[in-house]
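Each remark here refers to the structure printed beneath this line.
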Amino acid sequence: MWTTEPSLNQKHLTCPFCGLACDDLSITPGDRGIESLDPKCDKAKQGFRLALQAVSRGPRSNGAPVSMEVALQQSVQLLKSARAPLFAGLATDVNGMRATLELADRCGGVLDHLNGDAMFRNIRVVQDNGWVACTLSEARNRADLILIIGTQCFDRFPRFVDRVLLPRESLFSPKAGRHLVMLGPWQNNRLPATLKDYAPITLHAHPSQWADVAGMLRARLGNRPVDSGRLGGQLAEGVEELARLLREAKYSVITWSAAELTFPHAELVIERWAALARDLNQTTRSSVLPLAGNQGDITSNQVCTWQTGYPLRTSLQYGYPVHDSRLFRYQDLIENNTADLLIWISSLDPEAKPPACDLPTIVFGHPGMELGQEVEVFLPVGVPGVDHTGHGYRSDTVCTLPLGQLIERGLPSAATLLRTLLDRLGD
Amino acid sequence: MLIKLSGGTVYDPANGIDGRVMDLFIRDQHLVEPPADNEPIDQHYPLEGKVVMAGAIDLHTHIGGGKVNIARTLLPEQQPAYSRPRAGRMRSGSGGIAPSTHATGYRYAEMGYTTCFEPALLPVNARQAHMEMADTPLLDTGGYALLGNDEFLLQLIAEGAEQQTINDYVAWTLRASQCIGVKVVNPGGISAFKFNQRALDVDDVHPHYPISPRDILRTLSRALHQLGVPHPLHVHASNLGVPGNYLSTLATMDAAEGLPIHLTHIQFHSYGTEGDRKFSSCAAQIAEAVNRQANISIDVGQIMFGQTVTVSGDTMRQYANHGHAHPRKWLCMDIECEAGCGVVPFRYRDRNFVNALQWAIGLELFLLVDDPWRVFLTTDHPNGAPFTSYPHLIRLLMDRSFRNDMLARIHPDAGASSHLASLDREYSLNEIAIMTRAAPARLLGMTDYGHLAPGAVADLVVYHREGNPEQMFERPMLVFKRGEVVAREGAICASVNGSTHVVRPEYDQGIETRLAEWFARYHSMSLRNFGISDDEMADGIGSPVVIHPCASTSHP
Amino acid sequence: MSPFVPQRLASMRPRQIAAITLHQGNRTLPAGELFDVTGSPGGRIVIQSDSELLDNIGMGMADGELMVEGQAGGYLGRGMSGGFLQVAGATGIFAGSAMSGGRILIEGNAGDLLGGAAAGERQGMRGGFLHVRGSAGDRAGDRQRRGIIVVEGNAGDYAASRMVAGTLIILGQAGHQCGLDMRRGSLILNSKPKSLPATFNVSGGHQLTFLTLLNQYLESHSAPWAFPGNSRIRRWVGDLACDGRGEILIQA
Amino acid sequence: MIINGVEIEDTFAEAFGMSATRLIITAINERWARIAGETMTGFATSVIGCGVEGGIESILNEADTPDGRPGVSVLLFGMSGSVLGKQLEARAGQCVLTCPTTALFSGMTDGEPLPLGKNLRYFGDGYQISKQLGDQRYWRIPVMDGEFLCQEHTTRKPAVGGGNFLVLAATQAQALTACEQAIAAIARLPGVITPFPGGIVRSGSKVGSKYKALMASTNEAYCPTLRGLVRTQLSQDTGAVLEIVINGIAEEEVGWAMRTGIQAVCELGSAQGIQRISAGNYGGKLGRYHFHLRKLLA
């Protein structure tokens with residue numbers, strides 16, 4: 001690992017706790033970890049606080065403390081006898097994922113991320129159709145219309161407003177001329193305080209209506225004869241207004257967080273929004289900006305894609321990669337007894353625990369992770385960007401941010417432990 | 001470890017050796033002078049009747065960075081066509097047209113390639129590109145940083161900034177992104193597309209900045225020259241794929257004003273508008289211009305028939321071509337006010353007039369450019385074809401009757417409108433060695449690579465001498481990477497990791513003040529996280545840097 | 001357990017089929033250890049298997065008859081081009097995907113994406129006859145390009161999603177958002193579905209001559225008629241979110 | 001040979017190889033199916049001036065049509081496959097597509113494919129719908145009364161055109177009555193049509209003319225008013241001659257139809273003024289098929 005000076009008093013920390021990967025944070029340490037964080041971000045503060053306050057209880061075997069040596073030996077035994085190991089969670093950094101893939105290749109494992117359901121809502125759209133997309137800086141500097149689908153982006157990506165939607169400065173699209181259109185069940189939700197003064201256009205629509213809204217917009221912009229009135233009075237008027245704004249915008253951006261689209265086959269709805277942006281490019285410019293990257297999902301997916309040729313939900317059981325986003329969902333593999341060993345890697349969030357199940361389990365966990373149900377082996381690992389350096393991908397899949405080390409408390413990285421296991425497994 | 005290779009027929013054009021039977025010695029990682037008579041030889045390879053060359057160098061192949069991963073994501077149904085099983089410590093992989101990283105490294109090495117360059121490395125995406133290449137075993141790698149559509153540079157040029165300021169920025173970019181060269185793709189055009197402009201010829205004015213592609217080309221080629229960067233500006237010219245674009249290509253050559261310039265995948269830029277279908281070959285005009293101007297080098301970007309995927313920074317042209325996508329899906333991305341990326345799968349058909357003529361145009365260019373030191377063997381992997389088609393391409397160049405057999409199979413009108421049948425030239429082994437080894441090393445300033453003199457890095461290949469060059473180049477007998485045998489008879493037997501090749505011209509660090517302000521105001525990451533340190537390259541990314549010298553800086 | 005990918009399974013001897021290597025986790029074992037195979041080559045091959053995890057049965061099948069006594073996993077008859085494949089029980093996802101000819105009869109229920117397009121594929125079922133006596137899951141006929149699917153029971157949501165062309169007949173109750181992003185093709189329903197996208201328009205009541213032909217075709221394949229007699233149907237056109245040249249025919 | 005007082009001349013009808021297709025037109029009722037069939041085969045008496053020769057082969061009831069509606073079966077004959085194809089496209093487009101309630105199907109399964117809906121579909125201007133049922137493809141073309149359903153292809157196969165016989169009678173009325181009897185009998189037969197008006201032709205022709213522009217001209221040897229002026233084939237008491245021309249999908253069908261027709265004429269016999277049955281030929285050099293009258297009736 002390359003090193004950075006472990007220090008909390010850094011001016012520009014990179015935050016690994018959400019897909020925006022903000023790298024302008026500074027911590028004011030206090031008696032109990034963090035006094036304050038600047039700029040303000042509840043999510044980053046919580047992530048750093050939990051990481052810094054965590055007191056590792058060391059390696060455990062079936063709940064009992066054991067030496068690292070014993071824990072590693074047991075892990076090797078479990079891996080050697082496994083016929084169908086499942087590598088899941090995968091909330092780690094680039095090198096953690098590289099080591100995971102090498103181990104999975106060696107053992108014949110299947111790979112899935114704990115955010116797999118959300119992630120594949122987007123990936124399936126790319127696999128089936130492709131899309132026209134942009135990155136955070138493009139949206140920030142160029143978008144004169146941003147359509148935000150859903151109400152939860154602001155909780156999942158707290159600084160989306162000041163970093164992208166309403167930045168202090170923008171190269172080509174000053175704040176004054178920007179249209180923000182917010183589609184979602186806003187009637188039952190409160191707009192984020194940061195947006196109140198700006199008075200964005202809100203379209204009140206339940207998630208079950210989002211497909212129809214997108215379809216209606218595509219039909220209207222394609223001059224096909226549809227009756228927007230079928231959406232209901234207020235929403236119909238809003239859709240007509242939005243169609244006009246989209247047609248007139250120089251560069252529109254459509255954004256969502258796939259984690260919010262929790263209904264089955266939500267990829268069909270996303271496909272419609274992506275198709276709308278694609279259609280718009282016939283006459284103007286438009287892009288999608290899907291928000292993701294939490295729990296390192298983009299990170300592990302990117303590494304898996306270049307190393308296997310496929311995204312996650314890929315199996316290496318047959319000696320070569322086979323991908324199937326529906327058959328290799330980790331929850332299903334556990335439920336239908338297709339896996340016989342769970343290797344759960346989760347180093348960013350103590351609450352991202354392995355699912356309760358009867359499978360023998362090895363956990364490479366956040367040092368603060370407390371399991372309700374004890375597992376065969378628990379190996380505490382460092383938090384990337386806190387305990388060790390690393391790399392994390394941002395939401396837009398292009399930027400890999402270097403993560404620095406803040407403290408030294410002797411916690412190994414997931415990559416280090418996984419590579420140790422690899423060496424011990426032999427050929 | 002001292003290795004003796006005896007009796008092989010050596011082709012080492014960098015040292016004027018054209019098929020001489022001689023002994024070579026490798027000590028550890030380098031070629032060395034013959035040892036003293038009494039020194040014991042650890043390994044001896046008798047190579048009588050075999051052909052020995054330096055390891056091959058591909059100076060333009062898309063093997064790293066976001067767009068390849070996007071291609072992999074876009075085409076899950078294409079990937080099973082080539083599955084590579086895990087074998088011992090050798091990793092499994094997949095993908096024929098957008099192979100996984102390990103499969104890429106293994107397959108290249110099996111063909112005798114030991115060094116490859118990613119030609120379109122977005123500085124903001126540099127970490128990913130280097131990570132992917134670090135995971136591409138057996139190859140030394142490097143990248144050309146994309147400039148010329150980044151809003152910072154366009155603004156500098158538009159403001160009339162001093163050349164020195166430009167030079168500082170270019171040098172900083174090379175340093176920050178750990179690159180060996182600079183590439184410009186559709187100068188200004190990717191940016192213009194973001195402003196909804198759909199075409200930008202060499203002398204058109206950008207929709208936002210009062211500058212033209214010519215200004216960008218002149219400024220960047222001058223910067224590289226003045227910085228002493230060995231590799232000249234690597235140019236993907238304006239109007240890729242547009243009939244009649246040979247005029248843009250000639251104008252692009254002209255814009256360098258006599259300074260060195262490399263025009264890449266020039267096959268896609270050599271089109272006229274003659275004939276019933278308003279699509280014709282202008283290979284002769286382009287080759288004539290290249291032959292006349294010694295400052296120009298090219299690589300061809302040969303197409304081969306079959307399924308592939310086009311990956312390019314040129315969103316303007318990729319968007320324009322999306323109607324040709326096969327299968328019908330595609331992706332474009334505007335990236336960080338810096339560049340873009342477009343991925344459009346494509347199937348070239350020999351019975352399609354345009355595709356067939358594209359194939360002929362590429363071969364015409366190979367055969368009409370006289371100096372093998374200035375024309376390079378590429379398919380612009382995977383844009384024209386996957387790199388795995390190189391042995392077939394070499395046969396097309398070396399074997400005229402084979403070439404004519406292939407010509408007879410393509411769309412008859414395309415065959416008839418091409419001069420290919422009348423071109424008798426057959427490349428010699430020495431010329432192949434020039435265009436795939438000696439010349440790329442020289443054009444990149446890699447003094448210890450691409451040749452076999454004592455002191456050179458011991459990347460070398462031993463071939464069986466077959467009647468059929470395709471078989472010969474497909475399955476070399478032995479491939480050495482840094483003195484270690486990594487492939488035998490076309491199969492990998494050991495895996496070593498490569499390094500990243502960079503240049504590092506000096507610059508006034510004052511530019512970073514201005515950049516820091518720009519980043520703080522407009523960018524979504526901070527300047528300090530943009531650049532990659534040598535330690536990060538070696539330990540975090542996994543590919544240590546090898547720094548090649550620049551010429552002593554000349555000032556304007 | 002997957003994949004079970006023998007080529008031309010129906011033309012093999014039972015002993016050969018039993019010797020096919022299957023993957024179970026990261027190991028392999030002969031098919032005969034997992035289930036019984038009887039029958040004769042050229043005649044009807046019978047596999048006795050009751051695993052819902054045995055995928056790709058009959059993949060690439062081009063002729064002959066194959067009967068599964070029990071249930072089957074995903075991708076049943078994937079890429080099948082001819083012959084007859086019958087399953088006594090239920091099947092998993094993607095039954096008949098990329099099928100271009102032949103006949104599949106599923107006596108039990110089928111999973112999601114019946115005749116649908118697998119990851120990245122631009123087309124689902126491309127021809128042939130796919131008959132489910134039970135119910136189908138969501139997205140039956142996703143990206144279907146040609147051929148006929150009959151579901152005698154109910155169908156889940158998004159039936160005929162992204163349909164390119166072809167015919168999907170649902171005799172039971174169809175779910176929500178039928179025909180979403182349908183470009184062309186026919187979705188034929190015996191009763192009103194739970195919902196349609198707002199971008200479908202009514203084109204009124206019609207008597208369509210081609211339905212008689214369809215009925216005759218179904219009868220010749222031992223499937224029930226789409227509609228009794230020459231009934232009057234209500235026609236919806238869409239999906240106008242995209243091409244809009246598809247139709248949903250509902251018995252009036 | 002003399003049957004019922006009618007002389008069967010020892011001669012033969014000379015017929016030609018043609019290319020034929022069978023179509024089935026259905027409609028809401030027989031009336032409209034028949035109208036479509038008649039319109040499609042109107043102006044289809046002779047390839048000399050009409051491109052093709054055609055007629056309604058039979059009336060079909062509900063049980064015998066692809067879509068279970070009343071229909072007609074139509075035969076069209078052309079001198080070549082390409083002419084037949086062009087005429088078929090024009091006639092299907094102008095006469096069936098346009099006719100209320102109709103649908104159009106192939107009536108044969110063997111032979112070379114001949115485009116039907118394949119070309120007509122473009123009338124749908126992009127709104128046409130293709131349906132494949134088994135190995136057959138159909139087009140549904142939106143029209144103002146609903147949909148015009150049309151099979152993608154019919155087939156064509158070698159057939160026989162120009163089977164014929166001449167009825168020589170004492171008066172015009174007697175010749176006509178006899179021919180009507182013959183046509184009624186032939187109409188019940190499968191595989192044949194009689195393309196001329198009402199099945200009967202009065203303008204028997206010979207090859208050539210004194211006028212350079214004409215390929216054929218009146219058969220003066222059988223024109224009663226030219227008796228005395230030209231070398232006639234008619235006896236003094238022959239008042240009129242009418243001809244029945246028969247096209248069929250095979251040689252046997254044509255022969256059987258000729259026999260059936262001649263027998264119907266002979267039933268009337270000399271008592272009804274019928275004198276003689278002859279046939280048209282060109283000396284046996286032009287047509288592949290020779291139907292000897294006496295052999296047919298033996």
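Chain naming here is simple, since letters A, B, ... match the order of the sequence lines and numbering starts at 1 in each.
With hydrogens and angles ignored, the 3.5 Å screen pairs no side-chain donor or acceptor of A:R83 with any backbone N or O of C:G25. Panel note: side chain A:D128, backbone C:R122; no donor-acceptor pair is recorded below 3.5 Å. C:N26 places no side-chain N or O within donor-acceptor distance of the main-chain N or O of A:Y318, the cut-off being under 3.5 Å. Between the A:R224 side chain and the C:C242 main chain, a donor and an acceptor come within less than 3.5 Å of each other. Counting only distance, with no hydrogens or angles, the side chain of A:D212 and the backbone of C:P197 share no donor-acceptor pair below 3.5 Å.
Checked for salt-bridge contact, A:R272 and C:D239 meet the test: a charged N lies under 4.0 Å from a carboxylate O. Residues A:R326 and C:D112 are not paired through a salt bridge, judged by the lack of any N-O separation under 4.0 Å between the basic side chain and the carboxylate.
A:L327 places a side-chain heavy atom less than 4.5 Å from the side chain of C:I93. For the pair A:R230/C:L196, no side-chain contact is recorded, criterion being any heavy-atom separation below 4.5 Å from C-beta on. Within the 4.5 Å cutoff, the side chain of C:R162 has heavy atoms near those of the A:E271 side chain.
No part of A:A275 comes within reach of chain C, as not one of its non-hydrogen atoms sits under 4.5 angstrom from that chain. Contacts between C:T199 and chain A at a heavy-atom distance below 4.5 Å involve backbone atoms as well as side-chain atoms. At a 4.5 Å heavy-atom cutoff, the contact between A:P85 and chain C is made by side-chain atoms alone. For A:Q209, no part lies under 4.5 angstrom from a heavy atom of chain C. Residue contact with chain A, scored on non-hydrogen atoms closer than 4.5 Å, involves the backbone and the side chain of C:L240 alike. Heavy-atom distances place the backbone of A:A82, and not its side chain, under 4.5 Å from chain C.
Put simply, CZ on C:F94 and CG on A:D324 are 7.0 Å apart, with the number rounded to the nearest 0.5 Å. Rounding to the nearest 0.5 angstrom, the gap separating the CG atom in A:D340 from the CD atom in C:Q24 is 9.5 Å. Separating the CG atom in C:D142 from the CG atom in A:L268 is a distance of 6.5 Å, to the nearest 0.5 Å.
Open room surrounds CZ on A:R220; 12 or fewer heavy atoms of other groups in view lie less than 6.0 Å from it. Within 6.0 Å of CD in A:Q331 there are more than 12 heavy atoms belonging to other residues, nucleotides or ligands. In this structure, C:Q48 places its CD atom where more than 12 heavy-atom neighbours from other residues, nucleotides or ligands lie under 6.0 Å away.
When every heavy atom of C:A198 is checked against every heavy atom of A:L231, the shortest pair comes out as CB-CD2, 4.2 Å.
Remark: the C:D138 side chain and the A:H265 side chain contain an N/O donor-acceptor pair separated by less than 3.5 Å.
Heavy-atom pairs under 4.5 Å with chain C peak, among A:A84, A:A219, A:S228, at A:A219.
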